[in-house]
Amino acid sequence: MLIKNIGILAGIVPEGVLRKEGASQGIVDCLENAWLLIEDGRISAFGPMSTCPSVIPSSPSVIPSEVEESLDARGGMILPGFCDSHTHIVYAGSRDGEFLDKINGLSYEEIAARGGGILNSSDLLNATSEDSLFDQSMARVKEMMAKGTVAMEIKSGYGLNPKGEMKMLRVIDRIRKTVPVAVKSTFLGAHAIGRGYSHEDYVKAVIDMIPEAAKLADFVDVFCDEGFFTVEDTDRILSAANGLLKPKIHANELAVSGGVQVGVKHGALSVDHLERTTDAEIEALRGSETMPTMLPGSSFFLGIPYGRAKDYINAGLGVALASDYNPGSSPSGDMRFVMALGCIRMRLTPAQAFNAVTLNSAYAMGVSDDLGSITRGKKASLILTQPGWTLTKLPYLHHTPFISKVFVEGKEL
Ligand code: NIG
Ligand code: FE
């Protein structure tokens with residue numbers, strides 16, 4: 001399929017660039033008035049309209065003799081679909097009761113301490129059938145896809161016992177096999193202490209779950225934070241998962257936890273949240289393979305600080321942004337809103353925020369060799385906007401409908 005008359009083709013990245021760090025995070029390469037060719041679900045070529053195959057049939061050598069289908073973008077922008085590297089969308093029921101508690105002044109920690117929070121979701125999940133859990137979760141997956149998310153990571157962590165955790169991982173696997181978008185699965189057994197366990201017994205139980213979990217999951221995660229799991233717990237769990245599951249860590253949401261450092265030590269793909277940061281975290285991340293990932297939707301919803309994304313970028317690091325879509329701290333999977341919060345509340349430029357929700361978030365879930373940018377050979381999982389949209393308008397007009405079509409591996413959703 002050939003897409004013609006693209007107003008702005010945004011997010012062009014050379015082959016082999018898997019993340020953007022430092023000054024390069026502020027650069028989004030674009031082509032105005034462009035065409036793009038999709039073959040076998042992948043981007044096979046693109047260029048300015050003056051070289052468009054249907055305009056000059058014999059010009060670029062990469063063009064196949066026959067273009068099966070052509071689409072007029074009518075000046076709409078094409079961008080890589082959003083990659084959401086941190087979600088908890090497999091959950092049962094709702095926590096709207098806690099929303100009222102929150103409005104009445106209780107903090108996230110206070111709600112959790114009263115047996116609400118993650119344990120509330122765990123009770124609901126353990127009382128829900130696998131089929132119903134799948135159906136409830138699929139509604140959120142479809143909502144995210146319609147909003148332009150073409151890759152999503154999904155965590156377990158509401159089972160909090162072997163049966164419940166495996167049920168969640170099976171549901172994630174079923175989602176992966178059902179939807180066209182890329183899905184990565186993370187075992188987050190260490191999300192809270194499961195009911196009926198002592199702290200120590202539960203850490204041991206999580207370690208025991210790892211071999212079974214590793215049959216379905218790609219990554220392991222630990223909520224390394226005040227009142228949840230310590231650095232020592234995290235170290236033990238990550239050591240047990242070594243060679244089986246690459247880590248992605250929840251760190252520094254509620255306190256400066258040491259989670260960043262232990263994550264980097266174990267070669268984590270990402271360390272996430274980072275609402276609380278000292279310069280030591282930035283130092284620890286320098287020169288590492290770990291992507292600092294911030295979740296402004298949870299800062300917004302919980303009324304806690306926003307991560308110091310600009311300081312990270314100014315220190316030469318890359319930053320990813322993800323939704324954290326979950327019932328307790330971020331009940332939204334809208335990645336354009338995440339991008340808007342990045343700009344409005346974290347003072348990222350639209351270009352920095354764009355790279356944070358595309359290439360860098362793809363990196364943070366291990367798919368940036370295939371997704372996250374306009375690059376020859378990558379999957380054609382793209383958003384076509386309505387006419388007249390620009391990079392700056394995406395976060396600026398943050399709730400105006402902007403999507404004309406979403407393509408996943410070249411097929412319209
Ligand atoms: O990333 N912080 C820990 N886990 C989730 C919240 C989960 C919940 O409250 O249900 C988070 O914010
Ligand atoms: Fe989370």
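Being a predicted model, the structure only gives us computed values, none of them experimental. Whatever order the structure lists them in is the order used to number ligands and atoms, beginning at 1.
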Review point. Do the numbers put Lys147 on top of the ring of Phe337, so that NZ or CZ is under 6.0 Å from the six-membered ring centre and no more than 45° off the axis?
Key: no

Review point. Does the ring of Tyr306 carry Arg347 above it, NZ/CZ under 6.0 angstrom from centre and within 45° of its axis?
Key: no

Practice item. Please determine if Glu283 and Arg286 form a salt bridge, counting it only when a charged side-chain N lies under 4.0 Å from a carboxylate O. Key: yes

Point to revise | For the Fe ion (ligand 2): the N/O/S atom of His88 at shortest distance | key: NE2

Point to revise | Cationic N near anionic O, under 4.0 Å, Glu409 to Lys379 | key: yes

Point to revise | Polar atom proximity, His250 to ligand 1 (N or O, under 3.5 Å) | key: yes

Review point. Should you measure from each heavy atom of Ser329, which atoms of ligand 1 turn up under 4.0 Å away?
Key: 6 (C), 11 (C), 12 (O)

Review point. For ligand 1, which atoms sit closer than 4.0 Å to a heavy atom of His273?
Key: 1 (O), 2 (N), 11 (C), 12 (O)

Point to revise | For Ile118, atoms of ligand 1 separated by under 4.0 Å from a heavy atom | key: 7 (C), 8 (C), 9 (O), 10 (O)

**Study point:** Parallel, tilted or perpendicular, as decided by the 30° and 60° cut-offs, for the rings of Tyr91 and Tyr158
**Key:** perpendicular

Check your understanding: Within Asp324, is some N, O or S atom less than 2.8 Å away from the Fe ion (ligand 2)?
Key -> yes

Review point. Does Asp84 reach the main-chain N or O of Ala322 with its side chain, forming a donor-acceptor pair under 3.5 Å?
Key: no

**Study point:** Main-chain N/O of Leu18 paired with Asp369 side-chain donor or acceptor, under 3.5 Å
**Key:** no

Practice item. Please verify whether a non-hydrogen atom of Tyr158 lies at under 4.0 Å from ligand 1. Key: yes

**Study point:** Tyr197 atom OH, over 12 foreign heavy atoms within 6.0 Å
**Key:** yes

Practice item. Using a strict cut-off of 4.0 Å, indicate which atoms of ligand 1 neighbour a heavy atom of His86. Key: 1 (O)

Study note, to complete from the structure: ligand 1 to His88, heavy atom cutoff 4.0 Å, flagged ligand atoms 1 (O), 4 (N), 5 (C), 11 (C)

Check your understanding: For His199 and Asp233, what are the C-alpha separation, side-chain angles and deciding distance, and is it a side-chain hydrogen bond (donor to acceptor under 3.5 Å, both in side chains)?
Key -> CA-CA 10 Å; His199 189 109; Asp233 299 333; 2.7 Å; yes

Check your understanding: For atom 2 (N) of ligand 1, what is the nearest protein heavy atom, given as residue, atom name and distance?
Key -> Glu253 OE1, 2.5 Å

Exercise for review: Examine all N, O or S atoms of His250, backbone included, and report whether one is under 2.8 Å from the Fe ion (ligand 2).
Suggested key: yes

**Study point:** Mode of Tyr108 contact toward ligand 1 - side chain, backbone, both, neither (heavy atoms, under 4.0 Å)
**Key:** side chain

Review point. Between Asp72 and Asn5, is any side-chain donor less than 3.5 angstrom from a side-chain acceptor?
Key: yes

Review point. In terms of residue, atom name and distance, what is the protein heavy atom nearest to atom 11 (C) of ligand 1?
Key: Asp324 OD2, 3.1 Å

**Study point:** Enumerated ligand 1 atoms positioned under 4.0 Å from heavy atoms of Asn326
**Key:** 5 (C), 6 (C), 7 (C), 8 (C), 9 (O), 10 (O), 11 (C), 12 (O)

Point to revise | Nearest-contact summary for atom 4 (N) of ligand 1 - protein heavy atom, Å | key: His191 NE2, 2.7 Å

